[in-house]
Enquirer: 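First the structure, then my questions, so here it is.
All residue numbers in this chain count up from 1 along the given sequence. Just so you know, ligand 1 is whichever comes first in the structure, and atom 1 is the first atom listed for that ligand.
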Amino acid sequence: MIVSRTPRVRLLAVAAVVLALEAAGCCAAPDERTDEFEGTVKGDELEHIRDNSGNDDQRCDSACRTLVVGEVENVDACEAVGPEDNPDAPWDPANTEVSITCTVTFTPFVFCTGRRPQGHVEADVAVDSRASWFAVHAHLERASVTAFSELADWLQRRRAPFPLVARCCEAAVDEVRHAEALEALARRDGAEVVPPCADPPTDDLFTVALHNAVEGCVSEAFAAVVAAHQAAHARSLELRALFSRIAADELRHGQLAWDLHAWLWDQLTPEQRDALARAQTRALTDLAASSRQAAAATPRELGWPEPEHAVRMAELFARRLGADAGLAA
Ligand SMILES: [Fe+2]
Ligand SMILES: [Fe+2]
């Protein structure tokens, strides 16, 4: 596996697509078809495409994909035109928007109504299951405080750009809030929270990069998507409000992981980059099975998707994230 470019991922865009599909509650796979699309790209989207594609054909391809609501199989034809005063040089950095016309083979997302069947029986959740869910997640949030504090220290020693260090410090503060909120809920439900413990961290660049590539770029990023689902589906207003705050924080943490990944990537050898890409691909592949398990174990009132929904969310997340990061399918 060769990932030649520095992986740059916009996690919010990936999360939005995954949640939109899941919210639609779609079941049957729609048919693939070919259509023509027209539209413009501008702002951050245009800048991202201009800076992260190797040549003008790839830029047109990437811009075209932003116009399609569905899984793109192939961009069959693509034409980019600049603004009136510069139509023949669409990707000139001076241009603020680019018009795209393209023909695409794709499978549309079908937005059907997410209604449960008549006679659906809610899971009979024991109180101690809910309490133990809070206790386990409070424990994990507390472990995240240590993870971000150690990472901030490590980055400072490595003279990393100040904003990366500062974002890690802010993330550690976020994780304290998450831990305290979940610890309070666990205790209110009568559960004890076991404090985390860990071996001292390794100083080595590759080890840190590998850990971030899997724990941050995949696990924490997907946790952000699941938290957003909980924010919409948890049964109580108290929990929906809590998961809304956690989801917003975790999305920032997932994006931080990808920004760190790009900074670390540039310091690695080709063999080390290859190892990172393989580890991320494996982690993305494993997400479906682990999500099914977690969904089955989580009381429904906490807003996790049903196991089959969780699998589809994980698979779509893996596809979109893998494509953005340039990982092999
Ligand atoms: Fe957290
Ligand atoms: Fe986090």
Side-chain angles (χ1 to χ4, degrees), residues 9-12 14-16 18-19 130 132-155 160 163-187 191 193-198 201 208-234 238-264 280 283-284 287 290-291 294-295 298 302-305 310 313-314 317 321:
V9 165
R10 288 160 303 147
L11 185 59
L12 191 57
V14 174
V18 173
L19 290 164
R130 176 188 141 111
S132 62
W133 192 95
F134 287 139
V136 167
H137 285 78
H139 168 88
L140 293 171
E141 296 285 6
R142 194 54 78 179
S144 298
V145 178
T146 309
F148 275 116
S149 302
E150 288 176 351
L151 192 51
D153 284 349
W154 184 87
L155 288 167
L164 288 178
V165 180
R167 287 166 69 191
C168 284
C169 294
E170 286 162 12
V173 174
D174 294 337
E175 302 294 11
V176 170
R177 273 203 315 275
H178 301 174
E180 286 175 351
L182 290 169
E183 281 161 4
L185 287 167
R187 289 203 193 95
V193 179
V194 179
C197 85
V208 172
L210 185 64
H211 182 263
N212 179 65
V214 173
E215 286 297 314
C217 297
V218 177
S219 300
E220 194 169 27
F222 187 63
V225 175
V226 173
H229 189 281
Q230 292 183 279
H233 296 274
E238 178 192 31
L239 290 181
R240 289 199 296 275
L242 171 64
F243 289 129
S244 293
R245 291 194 297 274
I246 290 181
D249 291 343
E250 298 299 353
L251 268 174
R252 276 201 316 279
H253 301 175
Q255 186 62 59
L256 169 58
W258 278 101
D259 295 344
L260 272 171
H261 184 65
W263 182 76
L264 293 161
Q280 279 186 327
L284 286 171
L287 261 189
S290 58
S291 300
T298 302
L302 298 180
W304 254 74
M313 278 174 70
F317 177 80
L321 197 65

Enquirer: Taking the side chain as C-beta and beyond, is there a heavy-atom pair between Gln280 and Cys217 under 4.5 Å?
Expert: yes
Enquirer: At a threshold of 2.8 Å, where the distance has to be below it, does the Fe ion (ligand 1) have an N, O or S atom of Glu141 nearby?
Expert: yes
Enquirer: How about Asp259 and Pro163: do any of their side-chain heavy atoms sit closer than 4.5 Å?
Expert: no
Enquirer: Tell me, do Gln255 and Glu220 make a side-chain contact under 4.5 Å, heavy atoms counted?
Expert: no
Enquirer: Can you tell me the angle formed at the Fe ion (ligand 2) by OE2 of Glu220 and OE2 of Glu175, to 10°?
Expert: 110°
Enquirer: With a cut-off of 2.8 Å, does His178 place any N/O/S atom under that distance from the Fe ion (ligand 2)?
Expert: no
Enquirer: So, Glu250 and the Fe ion (ligand 2): N/O/S under 2.8 Å, yes or no?
Expert: yes
Enquirer: One pair to check against side-chain contact (heavy atoms from CB on, under 4.5 Å): Leu185 and Glu238. What are the steps and the verdict?
Expert: CA-CA 11 Å; Leu185 287 167; Glu238 178 192 31; 3.9 Å; yes
Enquirer: Do Trp133 and Arg130 come within less than 4.5 Å of each other through their side chains, counting heavy atoms only?
Expert: no
Enquirer: Hey, which N, O or S atom on His253 ends up closest to the Fe ion (ligand 2)?
Expert: ND1
